[in-house]
Asker: 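First the structure, then my questions, so here it is.
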Amino acid sequence: MPATVVIGAQWGDEGKGKITDMLAAESDVVARYGGGDNAGHTVVVGGDTFKLHLVPSGILYSHVVCVLGGGMVVNPRRLLEEMDGLAARGVDVSATRLLLSVQAHLILPYHIALDGAAERSRGESALGTTKRGIGPAYADKAARSGIRAGEMRDPAAFAQLVHAAVVAKNELLTRVYGQEPLPAEEIAREYREYAVRLAPYLADTSSFLAEALYAGKRLLCEGAQGTLLDLDHGTYPYVTSSYPTVGGALIGLGLGPQHLSRILGVTKAYQTRVGAGPFPTELHDTAGDHLVEVGHEYGTTTGRRRRTGWLDAVALRYAVQVNGLSELALTKLDVLTGLDPLRIAVAYECDGETLTRFPADAATLARRRPVYEEMPGWKQDIGAARAFEELPPAAQNYVTRIEELVGVPATLISVGPEREQTIRRSM
Ligand code: GDP
Ligand code: IMO
Ligand code: MG
C-alpha cells in the first residue's frame, strides 16, 4: 500500500500537526522521520489543544500505531514527559501503539549544555536554535560517538555508557566552554530509569513499516521542521541538523522510494520564520503585526514571537522542486482576512537583475529583494467554509494564483486550527 509524506514547505510551523492529525483518520501507521523535540506540532480537536514534540500527530486516533523513526534524535526525559502528559489526558500511549526505533539517537543533558554553549559562543551570529541539543546530538551521530535508543534494552549497560559519555563531554564543557561539569553519577542513575520505562517501546521500525506496507496498511510519514531548514537544501547555516525534505523520510524510516505515492507540502498562506537567518519577504509593519496577532505566531516549542512576511512563491517553488511535491496543503488562509491588498513574492531582484531561482545559502539569499505581485484581499470570516466555492472570490483567486505560480494544486485548504476547519478538494 502506498505511503503519504507530509512535508513542511517553508521554515517550519506550517501546520503539519493539524494536517497529519487530519490525514491520520485514514491511515494505519503515522511515523515521524526526523528531528527531535525542536518540533512543536499543534493539534486542536473540539477545543482541546495538544502540543506534540516527539510523539507523532496520529496518536489521537486509537486505531493508529505511531512510530518514532531512526532518523530522529530523542530526548528520553522529554519523551516520557510527553507520554505521561498524553496518558493523563486519556490518550493510550502503551507499547502497542507507540514504537521507538532502536536506531534513533538519544539526546543527553550534555547535548543541551553544548547547544547553549555553542550558541553563546556564536555571539551576534547565533542561529537561534531551540536549545534542545539537536545539533550536538546529530553531530555525535555523524562522528559515530552517539548513543542509540537500542542501547536502552540493557538498562545497566546503558547507564555505564551514559556515565562514560558524560565524563568525556565534561572535558569539552569545562575546558573549552568554561562551564561546570555535569553530574555523571546522577545522570546515569536517572537515565537507567528512563531505559527501564522505554525498553518495551523499542523496535526494528524499518522492518515493522515494510511489513505493514506489504500487508496493505496505509502509512503516513510526518515531517518535522521545513524544507528551508534542511541541513543540505535549506538556508545554511541557519538550518537545523536533520533532513526535513523527502529524502529524509526514506533514510529516517528505512523505506524504499517506490512506496511513496503522495508527497504533500504544507505551507501557510504567508511566510514565517523563528530563529535567525535571511527572510526576503519579512514585514516590519502593521501587516506583519496582523499576521503575528491574528495567526498567534508564537513558537509552540520556545514561545518566541515568530517573524512574519508575505508568501514567498520563489521559495515555495523551490520546495516543490527539491521534494517533488505532488500537492499542497495551504494553511491559515483565514489569517489573511482583513489584509488588503495582499502580496506574493513572484521573483527576486539583485543588482538590477530579476531572478526566479531560490539560492540555498544564507549569504546569497540575504542579497535578494522580493518582487511583489499585488492581489485584492477579502473581509469576510472564512472559518466556516468547507468547500472552495464557499470562499469569497478574492480568496479563491489568491489560492488559484499560488497554484499557478508553483505548478501544483492545493488539495487541502485550512481555514482554522480545528480538525474540521478544512476544505478538501479533489483535483
Ligand atoms: P507545525 O509545527 O507545522 O505542526 O505547526 P505549529 O503547530 O507549530 O504551528 C501552526 C499553528 O497554527 C498552530 O497553533 C495551529 O493550531 C495553527 N493552525 C493550523 N492551521 C491553521 C489554520 O488554518 N488557521 C489558523 N488560524 N490556525 C491554524
Ligand atoms: P516544527 O516541526 C520552526 C529552527 C530553530 C532555528 C533552527 C535550528 O514545529 O515545524 P535547532 O534547535 O533545530 O538546532 O534550531 O531551526 N527550528 C524550527 N523552526 N519549526 C520547527 O519545527 C523548528 N525546528 C527547528 O528556530 O532557527
Ligand atoms: Mg511547530
Side-chain angles (χ1 to χ4, degrees), residues 6-22 32-45 48-54 56-57 72-73 75 107 111-112 114-116 118-119 126-139 222-231 234-242 244 265-270 272-279 291 293-304 306-307 329-337 362 381-383 385 412-423:
V6 171
I7 293 180
Q10 299 173 305
W11 277 294
D13 301 326
E14 299 91 347
K16 299 176 294 294
K18 168 179 165 156
I19 298 298
T20 301
D21 163 76
M22 218 196 84
R32 268 277 304 269
Y33 59 82
D37 63 321
N38 48 349
H41 295 182
T42 315
V43 178
V44 185
V45 187
D48 281 340
T49 300
F50 294 83
K51 291 179 190 276
L52 300 162
H53 301 282
L54 288 164
S57 304
M72 291 184 71
V73 284
N75 179 331
I107 296 187
H111 292 126
I112 295 167
L114 289 168
D115 196 355
E119 278 287 87
L127 306 177
T129 74
T130 59
K131 302 212 175 80
R132 294 295 193 270
I134 306 296
Y138 278 116
E222 178 183 12
Q225 290 75 52
T227 300
L228 307 180
L229 289 171
D230 187 278
L231 181 58
T235 48
Y236 194 89
Y238 297 96
V239 292
T240 189
S241 300
S242 61
V266 187
T267 176
K268 285 180 198 180
Y270 49 95
T272 65
R273 174 165 209 169
V274 58
F279 180 173
L291 295 173
E293 298 312 327
V294 179
H296 303 291
E297 295 296 352
Y298 296 93
T300 311
T301 297
T302 57
R304 289 179 289 178
R306 294 178 183 142
R307 300 158 63 195
L330 184 69
T331 63
K332 305 192 95 162
L333 187 64
D334 54 300
V335 176
L336 296 183
T337 301
D381 185 344
I382 60 170
L412 296 172
I413 300 170
S414 176
V415 292
E418 282 278 350
R419 199 182 258 172
E420 286 74 30
Q421 289 183 293
T422 314
I423 296 170

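Below, each value reflects all heavy atoms present in this structure, side chains not excepted, and no hydrogens, waters or symmetry copies. Order of appearance sets the numbers: ligands from 1, and atoms from 1 within every ligand.
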Asker: Which residue owns the protein heavy atom closest to atom 15 (O) of ligand 2, what's the atom, and how far is it?
Answerer: Thr129 CA, 3.3 Å
Asker: Could you grab the distance from atom CG of Asp230 to atom OH of Tyr236, nearest 0.5 Å is fine?
Answerer: 12.0 Å
Asker: Counting C-beta onward and ignoring hydrogens, is there a side-chain heavy-atom pair between Trp11 and Thr235 closer than 4.5 Å?
Answerer: yes
Asker: For the pair Ile112 and Asn75, evaluate side chain to side chain contact (heavy atoms under 4.5 Å, CB included) and give the outcome as yes or no after the intermediate values.
Answerer: CA-CA 10 Å; Ile112 295 167; Asn75 179 331; 3.6 Å; yes
Asker: Among all protein heavy atoms, pick the one closest to atom 6 (C) of ligand 2 and tell me residue, atom and distance.
Answerer: Gly128 O, 3.2 Å
Asker: Numbering the atoms of ligand 2 from 1, which are under 4.0 Å from a heavy atom of Trp11?
Answerer: 3 (C), 19 (N)
Asker: Name the option, out of Gln10, Gln225, Lys131, that contains the heavy atom nearest to atom 1 (P) of ligand 2.
Answerer: Gln225
Asker: Using a heavy-atom cut-off of under 4.0 Å, does the side chain or the backbone of Val239 touch ligand 2, or both, or neither?
Answerer: backbone
Asker: Is it the side chain (CB and beyond), the backbone, both or neither of Arg304 that lies under 4.0 Å from ligand 2, heavy atoms counted?
Answerer: side chain
Asker: Apply side chain to side chain contact (heavy atoms under 4.5 Å, CB included) to residues Tyr238 and Arg273 and explain how you reach the verdict.
Answerer: CA-CA 11 Å; Tyr238 297 96; Arg273 174 165 209 169; 3.3 Å; yes
Asker: Consider only side-chain N and O atoms of Asp115 and Thr129, and report whether a donor and an acceptor are under 3.5 Å apart.
Answerer: yes
Asker: Between the side chain of Gln421 and the main-chain N/O of Gly383, is any donor-acceptor distance below 3.5 Å?
Answerer: yes
Asker: Quick check for you: within a radius under 2.8 Å, how many protein N, O or S atoms neighbour the Mg ion (ligand 3)?
Answerer: 2
Asker: With heavy atoms only and a cut-off of under 4.0 Å, state how Tyr238 meets ligand 2: side chain, backbone, both or neither.
Answerer: neither
Asker: Would the distance check show the side chain of Tyr33 and the main-chain N or O of Ala224 forming a donor-acceptor pair, the cut-off being under 3.5 Å?
Answerer: no
Asker: Any chance you could measure Gln225, atom CD, to Lys16, atom NZ, to the nearest 0.5 Å?
Answerer: 7.0 Å
Asker: Please identify which atoms of ligand 2 are closer than 4.0 Å to at least one heavy atom of Gly275.
Answerer: 27 (O)
Asker: Are any of the N or O atoms of Asp13 closer than 3.5 Å to those of ligand 2?
Answerer: yes
Asker: Would you say Glu14 has any N or O atom under 3.5 Å from an N or O of ligand 2, going by distance alone?
Answerer: no
Asker: Could you check atom 12 (O) of ligand 2 against the protein and tell me its nearest heavy-atom contact, residue, atom and distance included?
Answerer: Thr130 OG1, 2.6 Å
Asker: State whether the shortest distance between N or O atoms of Val274 and N or O atoms of ligand 2 falls below 3.5 angstrom.
Answerer: yes
Asker: Distance-only, no hydrogens or angles: does the Tyr138 side chain make a donor-acceptor pair with backbone N or O of Gly35 under 3.5 Å?
Answerer: yes
Asker: With heavy atoms under 4.0 Å as the rule, classify the contact between Leu229 and ligand 2 as side chain, backbone, both or neither.
Answerer: side chain
Asker: Against Tyr298, only a single residue in Glu293, Arg304, Arg306 fulfils side-chain hydrogen bond (donor to acceptor under 3.5 Å, both in side chains); can you say which?
Answerer: Glu293
Asker: For Leu229 versus Gly12, what's the shortest heavy-atom pair and its separation?
Answerer: CD1-N, 4.2 Å
Asker: For Ser241 versus Gly135, what's the shortest heavy-atom pair and its separation?
Answerer: OG-CA, 3.3 Å
Asker: Is ligand 2 less than 4.0 angstrom away from at least one heavy atom of Ser241?
Answerer: no
Asker: Nearest protein heavy atom to atom 13 (O) of ligand 2, by residue and atom, and its distance?
Answerer: Thr240 OG1, 2.6 Å
Asker: For His111 and Val73, what are the C-alpha separation, side-chain angles and deciding distance, and is it a side chain to side chain contact (heavy atoms under 4.5 Å, CB included)?
Answerer: CA-CA 11 Å; His111 292 126; Val73 284; over 6 Å; no
Asker: Determine whether Asp37 and Ile107 make a side-chain contact, defined as any pair of heavy atoms from C-beta on separated by less than 4.5 Å.
Answerer: yes
Asker: Does Arg273 approach ligand 2 within less than 4.0 angstrom via side chain, backbone, both or neither, non-hydrogen atoms only?
Answerer: neither
Asker: What residue among Gln10, Glu14, Glu297 forms side-chain hydrogen bond (donor to acceptor under 3.5 Å, both in side chains) with Lys268?
Answerer: Glu297
Asker: Is it true that Ser57 and Glu222 share a donor-acceptor pair across their side chains at a distance under 3.5 Å?
Answerer: yes
Asker: If every non-hydrogen atom of Val415 is compared with every non-hydrogen atom of Thr422, which pair is closest and at what distance?
Answerer: CG2-N, 4.4 Å
Asker: Counting each atom of ligand 2 from 1 as listed, which ones have a heavy atom of Lys16 under 4.0 Å away?
Answerer: 1 (P), 2 (O), 10 (O)
Asker: So, Lys18 versus Ser414: side-chain donor-acceptor pair below 3.5 Å or not?
Answerer: yes
Asker: Which ligand 2 atoms are under 4.0 Å away from a heavy-atom of Ala224?
Answerer: 2 (O)
Asker: What does the N/O contact table under 3.5 Å look like for ligand 1?
Answerer:
residue  : atom   : partner : partner atom : Å
ligand 1 : 2 (O)  : Asp13   : OD1          : 3.4
ligand 1 : 2 (O)  : Gly40   : O            : 2.9
ligand 1 : 3 (O)  : Glu14   : N            : 3.0
ligand 1 : 3 (O)  : Gly15   : N            : 2.8
ligand 1 : 3 (O)  : Lys16   : N            : 2.7
ligand 1 : 3 (O)  : Lys16   : NZ           : 2.8
ligand 1 : 4 (O)  : Lys16   : N            : 3.3
ligand 1 : 4 (O)  : Gly17   : N            : 2.8
ligand 1 : 5 (O)  : Gly15   : N            : 3.3
ligand 1 : 7 (O)  : Thr42   : N            : 2.9
ligand 1 : 7 (O)  : Thr42   : OG1          : 2.6
ligand 1 : 8 (O)  : Asp13   : OD1          : 2.9
ligand 1 : 8 (O)  : Gly40   : O            : 2.8
ligand 1 : 8 (O)  : Thr300  : OG1          : 2.9
ligand 1 : 8 (O)  : Arg306  : NH2          : 3.2
ligand 1 : 12 (O) : Lys332  : NZ           : 2.9
ligand 1 : 23 (O) : Lys332  : N            : 2.9
ligand 1 : 23 (O) : Ser414  : O            : 3.1
ligand 1 : 23 (O) : Ser414  : OG           : 2.5
ligand 1 : 23 (O) : Gly416  : N            : 3.1
ligand 1 : 23 (O) : Gly416  : O            : 3.4
ligand 1 : 24 (N) : Asp334  : OD1          : 2.8
ligand 1 : 24 (N) : Asp334  : OD2          : 3.4
ligand 1 : 24 (N) : Gly416  : N            : 3.3
ligand 1 : 26 (N) : Asp334  : OD2          : 2.8

Asker: If we only consider heavy atoms of Arg132, is any one of them less than 4.0 Å away from an atom in ligand 2?
Answerer: no
Asker: Donor-acceptor pair, Thr42 side chain versus Lys51 backbone, under 3.5 Å?
Answerer: no
Asker: Considering both backbone and side-chain atoms of Ala39, is one of its nitrogen or oxygen atoms within less than 3.5 Å of a nitrogen or oxygen in ligand 2?
Answerer: no
Asker: Between Leu127 and ligand 2, which part of the residue brings a heavy atom under 4.0 Å of the ligand: side chain, backbone, both or neither?
Answerer: backbone
Asker: Output yes when a side-chain donor or acceptor of Thr337 lies under 3.5 Å from a complementary backbone atom of Asp334, and no otherwise.
Answerer: yes
